[in-house]
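The shown structure was predicted, so the numbers you read here are calculated from the model rather than taken from an experiment. The chains referred to below are lettered A, B, ... by the order of the sequence lines, with proteins before strands, and numbering in each begins at 1.
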Amino acid sequence: MACSKSVLPRSFYTRDTLTVARELLAKHLVRCVGDAELVGMIVEVEAYRGSDDPASHAYKGVTPRNRLMFGEGGFAYVYFTYGKHHCLNVTTEKQGVAGAVLIRAIEPINGMETMQKNRGTKRVHDLTNGPGKLTEAIDITKQQNGLDLTKGEELFIRKTQVEKDFETVSAQRAGIRVGVEKLWRFYVKNNSFVSRR
DNA sequence: ACAGCGATTGACT
DNA sequence: GTCAATCGCTGTA
């Protein structure tokens with residue numbers, strides 16, 4: 001696998017969830033499907049923790065759905081919601097500590113034609129500017145739930161060759177009714193692929 | 001067994 | 001701006 005040494009290692013993920021969330025911005029999310037490499041730059045994320053975070057799936061303890069949030073950092077946690085959409089998270093923290101980062105938006109870098117086909121639209125700015133949109137664009141379903149992101153194979157995240165300067169904005173998380181006071185949504189300032197709300 | 005609902009989206013007024 | 005779609009997960013019985 002080319003560029004495998006730039007794949008983020010386990011030690012990146014097994015840290016504090018808020019730190020991992022902020023540092024995921026401007027990294028490249030890579031989805032390999034056959035010979036195709038669908039790539040997007042992460043521009044918007046949200047952190048979810050455990051018993052201190054009423055908005056988190058992990059707030060009330062382990063269930064069959066959220067068990068990956070309690071496992072070791074660096075795995076994909078994919079869930080299905082509103083009867084329509086999949087959301088992609090990466091797990092964080094060490095084994096036994098709940099945490100995950102929701103990938104809310106990416107800026108398409110490579111494989112845009114496939115993303116347009118998967119989304120059924122040609123409008124570039126509608127391809128990946130939302131958690132349910134980007135999973136459809138890069139073909140993430142529960143098939144990918146539990147994947148190890150440190151392998152550099154089907155799904156992974158890598159450092160960019162030259163990371164441009166950017167400003168990080170902290171804001172309220174979207175679509176939740178509790179825990180809104182925590183500013184655990186982070187996005188790249190002025191990036192046009194950040195979801196609206 | 002089953003009612004309630006959601007870390008969203010797209011269509012419509 | 002408002003609201004319906006749609007179904008798997010969760011809590012309760």
Under 4.0 angstrom between A:Arg177 side-chain N/O and B:dC5 OP1 or OP2 = no
message = I'd like to know if the side chain of A:Thr128 pairs up with that of A:Glu107 as donor and acceptor (distance under 3.5 Å, no hydrogens or angles considered).
response = no
request  = Establish, yes or no, whether the cationic atom of A:Arg158 lies under 6.0 Å from the six-membered ring centre of A:Phe156 and within 45° of the ring axis.
outcome  = no
query = More than 12 non-hydrogen atoms from neighbouring residues, nucleotides or ligands closer than 6.0 Å to CZ on A:Arg10, yes or no?
reply = yes
query = Between C:dT6, B:dA7, B:dG10, which nucleotide has the shortest distance from any of its atoms to the side chain of A:Ser56?
reply = B:dA7
query = Side chains of A:Glu72 and A:Thr14: is there a donor and an acceptor less than 3.5 Å apart?
reply = no
inquiry  = Looking only at the side chain of A:Asn89 (C-beta and beyond, no hydrogens), which of the listed nucleotides C:dT10, B:dA7, B:dG10 gets closest?
reply    = B:dA7
query = B:dA7 base stacked by A:Tyr48? Criteria: ring centres under 5.5 Å, plane angle under 30°.
reply = yes
task = Give a yes/no verdict on a cation-pi contact between A:Arg173 and A:Tyr48, requiring under 6.0 Å between NZ or CZ and the six-membered ring centre and an angle within 45° of the axis.
result = yes
task = Using a cut-off of strictly less than 4.0 Å, decide whether A:Arg65 has a side-chain nitrogen or oxygen near OP1 or OP2 of C:dG8.
result = no
remark   = Regarding the side chain of A:Lys60, the nearest nucleotide among B:dG10, B:dT8, C:dG11 is C:dG11
task = Could you tell me whether the side chain of A:Tyr79 has a donor or acceptor atom within less than 3.5 Å of a complementary atom in the base of B:dA7?
result = yes
query = What integer number of Å spans the P atoms of B:dC2 and C:dT6?
reply = 22 Å
inquiry  = Just to be sure I understand: a Watson-Crick pair is purine N1 to pyrimidine N3 plus N6-O4 or O6-N4, both under 3.5 Å. Using that and G-U wobbles, which stems of three or more pairs involve DNA chain B?
reply    = B:1-6 with C:7-12, B:8-12 with C:1-5
query = Does the pair A:Asp126/A:Arg119 count as a salt bridge with the N-to-O cut at 4.0 Å?
reply = no
query = Does B:dG10 have OP1 or OP2 sitting under 4.0 Å from an N or O in the side chain of A:Arg119?
reply = yes
query = From the list C:dG8, B:dT9, C:dT6, which nucleotide is the closest neighbour of the side chain of A:Phe80?
reply = C:dG8
